[in-house]
Number of protein chains: 2
Amino acid sequence: METTLTPEQKTDLQKFGRRLALLRKERGWSQERLALESGLARSYLGGVERGQRNIALLNILRLARSLECEPNELFS
Amino acid sequence: METTLTPEQKTDLQKFGRRLALLRKERGWSQERLALESGLARSYLGGVERGQRNIALLNILRLARSLECEPNELFS
DNA sequence: ATGTGACTCAAAGTCCGTG
DNA sequence: ACACGGACTTTGAGTCACA
């Protein structure tokens, strides 16, 4: 599953994942719930939150919409 | 290259692409220059700006760094 | 300097399961 | 409720020739 990422890239993905998890928990949602709302696979979403997946733009936007937040809130 | 995207998704990609092109032009850079700076292929970058490519997180961050802007500036 | 189609192949993403 | 894996299918990454 793990491709060869530079340490910086790993950090980038982890940062995004933590931010996503935070926003999700603020809403009191489980990964399962967010997966359902956004139409993403549960196990995949978990991987994103753990910083193991390089999620693409359209899915980032899907998540932002499900969380009812602006996409830029996922980048802080 | 065109996968079956909903009109909304096309709009999303186009919006991102236009925003990216704007930030690039503000710096007076050609696509070629930004491609060089970011390490992405010129034709690929062009495709992103035209909203034809669903760019993933790590490449979004590469572009933001090359443009010396915060990633969230790409989402407005 | 950019738009575009066609291409390869690695990775995005799904779906099944386990502890 | 979540981490993690295996086996899959689909799409993004990256490149090229040409307009």
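All chains are named by letter (A, B, ...) in the order of the sequence lines, taking the proteins before the strands, and each is independently numbered beginning at 1.
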Stretch residues 66-76 of chain B: residues that reach within less than 4.0 Å of DNA chain D through a heavy atom: none
For atom CD of A:Glu49 and atom C1' of D:dC4, their distance in whole Å: 14 Å
Inter-residue atom distance A:Asn59.CG - A:Arg53.CZ, 0.5 Å rounding: 11.5 Å
Distance in Å, A:Lys15 NZ paired with A:Ser76 OG, rounded so as to fall on 0.5 Å steps: 8.0 Å
Phosphate-side-chain proximity, A:Gln52 and D:dA3, N/O vs OP1/OP2 below 4.0 Å: no
Neighbours of DNA chain D within residues 24-41 of chain B, by heavy-atom distance under 4.0 Å: B:Leu40, B:Ala41
Euclidean distance, atom CZ of residue A:Arg62 to atom P of D:dT11 [Å, nearest integer]: 10 Å
Donor-acceptor side-chain pairing of B:Ser30 and B:Glu32 below 3.5 angstrom: no
With A:Glu49, the salt bridge (charged side-chain N to carboxylate O under 4.0 Å, His left out) member among A:Arg42, A:Lys25, A:Arg18, A:Arg24: A:Arg24
Heavy-atom closest pair, residues A:Arg50 and A:Gln14: O-CG, 4.0 Å
Rounded distance in Å - CG (B:Leu45) to C1' (C:dT4): 15 Å
Test side chain to side chain contact (heavy atoms under 4.5 Å, CB included) applied to A:Leu61 and B:Glu8, step by step: CA-CA 11 Å; A:Leu61 297 178; B:Glu8 293 79 17; over 6 Å; no
Identify all pairs in which a protein N or O lies below 3.5 Å from an N or O of nucleotides 16-19 of chain C, and state each distance.
| unit_1 | atom_1 | unit_2 | atom_2 | d |
| --- | --- | --- | --- | --- |
| C:dG17 | O6 | A:Arg42 | NH2 | 3.3 |

Rounded distance (nearest 0.5 Å) linking atom CG of A:Leu13 with atom CD1 of A:Ile55: 10.0 Å
Point-to-point distance, once rounded to the nearest 0.5 Å, from CG of B:Leu20 to CG of B:Leu63: 5.5 Å
Contact nearer the 5' end of DNA chain C, comparing B:Arg50 with B:Leu58: B:Arg50
Only pairs under 3.5 Å count here: list side-chain donor-acceptor contacts from residues 67-74 of chain B, not counting sequence neighbours, and write none if there are none.
| unit_1 | atom_1 | unit_2 | atom_2 | d |
| --- | --- | --- | --- | --- |
| B:Asn72 | ND2 | A:Phe75 | O | 3.4 |
| B:Glu73 | OE2 | B:Glu70 | N | 3.4 |

Whether B:Asn54 side chain and A:Leu58 backbone form a donor-acceptor pair below 3.5 Å: yes
Distance, rounded to the nearest Å, where A:Leu57 contributes CG and D:dG12 contributes C1': 12 Å
Taking every non-hydrogen atom, the tightest pair across A:Leu34 and A:Ser38: O-OG, 2.7 Å
The helix from C:dT2-D:dA19 to C:dG19-D:dC2: angle between end helix axes, five pairs per end, rounded to 10 degrees: 50°
Interatomic distance, A:Arg27 atom CZ to A:Leu23 atom CG [nearest 0.5 angstrom]: 5.5 Å
Euclidean distance, atom OH of residue B:Tyr44 to atom C1' of C:dA6 [Å, nearest integer]: 17 Å
CD1 on A:Ile60 to CZ on A:Phe16, rounded to 0.5 Å: 4.5 Å
Separation of D:dT11 P from B:Leu5 CG (nearest whole Å): 9 Å
N/O (side chain, A:Asn54) to phosphate O (OP1/OP2, C:dA11) under 4.0 Å: no
All side-chain contact (heavy atoms from CB on, under 4.5 Å) counterparts of B:Glu37, not counting sequence neighbours: B:Trp29, B:Arg33, B:Ser66
A:Asn59 vs D:dG12: side-chain N/O to OP1/OP2 distance below 4.0 Å: no
